[in-house]
Protein chains: 2
Amino acid sequence: MANIREIAKLAGVSPSTVSRVLNNSGYVSWETRKKVQAVMEKLDYVPNLNAVSLKKGATKLIGIAAPYLGDEINTFLGNFAQAAQEKGYNITLFLTNADPKKERDALESLRRRQIDALAVVIRANDWDTIAQYSKYGPIVTWQRVIMKEIPSVFMDQYEGYMLGLEHLHAKGYRKISNVYGNPGHLNTIGRMEAFRDFCRKYCLNEHALPHFYHKGSIRDGEEMAHWWKNTADKPDAFMAPNDRFAAGLVSEAKRLGLNVPGDFAVCGFDNTDIARLLDITTINYPIGGQARNAFSIIQNRLEGKTIPLTGLKFELIERKTT
Amino acid sequence: MANIREIAKLAGVSPSTVSRVLNNSGYVSWETRKKVQAVMEKLDYVPNLNAVSLKKGATKLIGIAAPYLGDEINTFLGNFAQAAQEKGYNITLFLTNADPKKERDALESLRRRQIDALAVVIRANDWDTIAQYSKYGPIVTWQRVIMKEIPSVFMDQYEGYMLGLEHLHAKGYRKISNVYGNPGHLNTIGRMEAFRDFCRKYCLNEHALPHFYHKGSIRDGEEMAHWWKNTADKPDAFMAPNDRFAAGLVSEAKRLGLNVPGDFAVCGFDNTDIARLLDITTINYPIGGQARNAFSIIQNRLEGKTIPLTGLKFELIERKTT
DNA sequence: TTGTAGGCGTTATCAA
DNA sequence: TTGATAACGCCTACAA
């Protein structure tokens with residue numbers, strides 16, 4: 001494993017000169033440069049990034065912590081990674097499984113300078129714990145949180161959710177049942193607010209029908225189809241927490257011989273592949289844009305730049321389930 | 001940013017002693033240890049991993065290169081990451097987009113010692129190029145390749161594919177059309193061999209129906225539904241290259257008013273969520289096991305261990321499309 | 001049980 | 001245009 005000193009020796013120059021040709025910095029004569037490059041080539045030399053990182057105090061590695069891999073997170077991850085790679089950063093992935101201890105590993109990685117920054121896509125610890133680590137490097141999140149230590153690329157779900165509700169209303173549905181994710185998450189709160197305002201606007205009884213919490217998986221959706229079949233006072237439409245749930249609901253409904261949207265309508269959320277596949281009406285949620293913004297925030301902090309963020313908005317995608 | 005020397009000074013000991021308490025190595029008296037720990041605590045000290053990596057010549061980071069994120073790869077990635085994290089390694093992700101240059105970045109990361117090893121899930125460069133890099137650290141792959149430089153956790157698709165073919169035959173289908181991925185990949189070759197042997201066994205004409213290559217996306221599946229509708233000599237069953245294709249085919253068929261398996265049967269491959277969702281008969285392909293084996297191979301090489309690999313096999317999952 | 005010294009491979013400052 | 005020299009922060013013989 002040749003190092004910079006060996007190259008210097010063989011090229012008959014000093015290590016600093018080699019370093020200069022490596023980084024195109026400072027002055028170095030044409031001949032010297034050629035000579036050095038020839039030696040580097042011959043010895044198959046490349047600089048050791050550990051040494052560079054140690055010296056520079058930066059690894060050009062950005063961590064990304066997420067509980068699992070799935071449609072929405074993949075989209076975030078993919079766009080984030082692409083943006084990062086374009087700017088010379090690599091990504092290190094921390095799959096937390098929603099386990100606070102594992103997320104702590106990611107945070108500790110930042111503290112121990114293995115990564116320069118961390119994107120906590122979906123958190124496992126409470127915000128205060130996470131905020132403690134922001135002194136070691138930039139931390140951004142996809143979730144809604146208002147803390148100066150943790151910038152967020154969250155988009156208020158209020159607006160997007162309202163788009164879905166208005167659409168259902170316009171289509172004539174009046175008995176809407178809402179299926180939410182974790183009510184502790186502010187994302188959910190935004191949706192709940194939208195529904196409250198929606199009911200107020202159209203003089204509907206907010207609590208006329210049951211609503212659900214802590215739902216989000218395909219299986220949750222499947223179970224909902226059974227619930228619908230067995231319940232007395234049936235909703236005529238569901239606002240799903242995401243496309244996966246909507247997909248489970250729609251496909252299980254078909255298996256049960258139900259007709260969507262004849263028996264009930266379903267509006268998904270996120271506009272992922274699966275919604276297109278199953279022809280589910282959904283809300284387009286510009287995740288890729290958020291991911292790129294997340295990276296921009298990090299890059300701005302790391303490099304003292306002020307790249308402006310992109311403005312983003314929700315959009316209704318009407319298909320066959322409403 | 002306190003360093004080891006500062007801690008030593010404040011604790012009134014030498015840096016080596018601090019290092020010893022850090023690593024639980026060598027002798028250090030109870031009192032000294034306590035004293036040192038107290039100072040570390042007070043200064044919020046943790047060792048700088050860059051320095052450790054430089055010194056030790058290892059980063060405890062394993063790269064994983066994949067073209068994109070999707071069902072099968074997620075499964076691989078998730079299991080691989082989990083196995084790695086359990087053993088104290090972190091994962092750095094290289095999304096190549098099937099672009100050889102981007103894969104090269106991953107390979108270069110290995111050469112420049114940013115990562116200790118690399119799992120090339122699905123390659124973008126030719127094997128010879130990749131093999132060149134194996135001198136810088138262990139490289140494993142998920143794909144089939146027989147090269148001493150690149151161990152593979154590939155499972156011969158012959159066996160799995162045959163399971164599907166036999167199933168279709170048992171169900172009475174005789175006009176099977178095969179849809180393959182990249183015929184250059186040895187994975188595909190195994191499947192083609194299976195089909196040839198299958199035809200031989202049942203005295204069928206291997207070329208009675210058209211087969212397809214370079215297919216694999218949802219959209220490819222959707223297009224196949226249209227092809228079927230417009231073609232004269234129709235197959236009565238499709239062996240899909242993966243579940244995504246099968247899903248596209250099945251869902252588009254429904255949109256076109258076709259009946260699966262009435263008009264034609266579909267057998268997927270991989271047994272991912274989407275197949276369950278759409279009730280598609282498929283072949284269970286133990287990806288998680290392969291991922292864990294991939295990590296074991298790397299760990300064995302890196303740490304000179306000989307952890308045995310797990311034996312794995314295919315399985316038919318019968319659902320509603322056959 | 002503890003300390004000293006040298007080195008891991010680079011970069012950056014300063015002088016020449 | 002080039003070269004010494006001193007860090008970056010840690011680990012590990014070896015000596016004490």
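It should be emphasised that the depicted structure is a prediction, and the values quoted were computed from it without experimental measurement. Below, read A as the first sequence line, B as the second, and so on, with proteins coming before strands; counting in each chain starts at 1.
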For this session: Determine the contact category for B:Ser19: base if any of its heavy atoms lies under 4.0 Å from a base atom, sugar-phosphate if only primed atoms, P, OP1 or OP2 are that close, otherwise nothing.
Result: base
Problem set entry | side-chain N/O B:Ser14 vs C:dT2 OP1/OP2, d < 4.0 Å | no
Exercise. For A:Val46, which contact category applies under a 4.0 Å heavy-atom criterion: base, sugar-phosphate, or nothing?
Worked result: sugar-phosphate
For this session: Report the nucleotide, chosen from C:dT10, C:dT2, C:dG6, that has the shortest atom-to-atom distance to any side-chain atom of B:Val28.
Result: C:dT2
For this session: For B:Ser16, answer base if it contacts any base atom (sugar-phosphate contacts may also be present), sugar-phosphate if it contacts only those atoms, and nothing otherwise; contact means non-hydrogen atoms under 4.0 Å.
Result: base
Exercise. Among D:dC10, C:dT11, D:dT1, which nucleotide sits nearest the side chain of B:Val52?
Worked result: D:dC10
For this session: Ignoring hydrogens and angles, state whether a donor on the side chain of B:Thr129 or B:Asp126 is under 3.5 Å from an acceptor on the partner side chain.
Result: yes
For this session: Check every strand shown and say whether B:Val13 touches a base, only sugar-phosphate, or nothing at a heavy-atom separation below 4.0 Å.
Result: sugar-phosphate
Exercise. Should B:Val13 and B:Thr32 be marked as a side-chain contact (heavy atoms from CB on, under 4.5 Å) after you check the CA-CA gap, both sets of side-chain angles, and the distance that decides it?
Worked result: CA-CA 8 Å; B:Val13 299; B:Thr32 318; 3.7 Å; yes
Problem set entry | B:Tyr45 vs D:dC10: side-chain N/O to OP1/OP2 distance below 4.0 Å | yes
Exercise. Rounded to the nearest Å, what distance is computed from the CD1 atom of residue B:Ile7 to the P atom of nucleotide D:dC11?
Worked result: 13 Å
Problem set entry | Selection from C:dC8, C:dA12, C:dG3 that lies nearest to any side-chain heavy atom of B:Arg20 | C:dG3
For this session: Verify the ring-centre separation between A:Phe154 and A:Trp142: is it less than 6.0 angstrom?
Result: no
Seminar exercise, completed: Ranking B:Ala51 and B:Thr32 by the position along DNA chain C of their nearest nucleotide, the one closer to 5' is B:Thr32
For this session: Using a heavy-atom cut-off of under 4.0 Å over every strand shown, decide if A:Ser53 touches base, sugar-phosphate, or nothing.
Result: nothing
Exercise. Taking only N and O in the side chain of B:Asn3, is any of them less than 4.0 Å away from OP1 or OP2 of D:dG9?
Worked result: yes
For this session: Looking at every strand, decide which applies to A:Asn23 at a 4.0 Å heavy-atom threshold: base, sugar-phosphate, or nothing.
Result: sugar-phosphate
Problem set entry | Polar pair under 3.5 Å, donor/acceptor by atom type, side chain A:Lys55, base C:dT10 | no
Exercise. Over how many whole Å does the gap from A:Tyr27 atom OH to C:dA15 atom C1' extend?
Worked result: 16 Å
Problem set entry | Between P of D:dC8 and NZ of B:Lys56, the distance in whole Å | 21 Å
